[in-house]
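In this text, all values refer to a predicted model and were calculated from it rather than measured experimentally. Atoms within each ligand, like the ligands themselves, are counted from 1 in listed order.
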Amino acid sequence: MSTPLIGLTTWRKEAGASGASWSVRQSYCDAIAAHGAAPLLVPCSLTTERLRALVDKLDGLVLTGGGDVHPRFYEDKPGEQLDDIDETRDEAEITLARFAIEASLPLLGICRGLQVLNVTLGGTLYQDISASIPNALLHDHKGEPATHLAHPVSIEPTSMLGELIDVHEIGVNSRHHQAIRQIAPGLQCSARSPDDLVEAAELPDMPFVLGVQWHPESLHQRPESQALFQAFIHACQDLQG
Ligand code: MN
């Protein structure tokens, strides 16, 4: 069995006169590599045809964290709290997610990645949790270290996530100001925060299509993060046959 090749989507950083770069935090790469797979960075400026060619070579796809998805992708108007929009990235990631699902390729969405997965399948987002839901918990803890456990999530025991983590509640970090509003048709909630927001969702009847609203790559030493990455990489290996 060869080493699974896992595509990681990237975020664009403008660098003045040198031009833009497409990058991803090392913690994502380390988490994938630690479980025996090889991370491959996918630039989001590629054409649909090139993205297709890449997906054909991959054994799995990670939709990484980042800024907000433009609301036009879920038929909403931009509100005042939108932050860090990159429609080139939105289009590339939605295209990649669609190709991956069509090919039954294992897909792990992280933070923004869960939101991209939901939008790809026809769901909508809260553009800003605190502006939309008056009594919501604080979910935007970007000022804290990424290892800070901000709130618990309760896990649906019969979900794939519940089966692979095997506990009903875990503490998670929380570095998001947006969240799933209407969950997409076919997507099932697999974890909720105490204020009843979707913190994880999955596509049943697929080998592995799961998004989590927290950042397991920043909590990599915790057993539930290990179990999550291990199950994802195993699904990628199974695809190789
Ligand atoms: Mn949260």
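Using bins of under 30°, 30° to 60° and over 60° for the plane-to-plane angle, the ring pair His176/His151 lands in the perpendicular bin. Using cut-offs of 30° and 60° for the angle between ring planes, the His148 and His141 rings count as tilted.
Remark: Asp30 does not engage Arg25 in a salt bridge, criterion side-chain N to carboxylate O under 4.0 Å.
Contacts classified as salt bridge (Lys or Arg N to Asp or Glu O under 4.0 Å) and involving residues 131-140 (residues at least two apart or in different chains) are given here: Asp140-Lys142.
Here Ile133 sits in one hydrophobic cluster together with Tyr126, Ile129, Leu197; the rule is ILVMFWY side chains under 4.5 Å apart, joined directly or through other members. Other cluster members for Ile85: Leu82, joined by side-chain heavy-atom distances under 4.5 Å among Ile, Leu, Val, Met, Phe, Trp and Tyr.
Counting only protein atoms, the N, O or S atoms lying less than 2.8 Å from the Mn ion (ligand 1) are His139 ND1, His151 NE2, Ser174 OG, His176 NE2, Glu199 OE2, ordered by chain and residue number.
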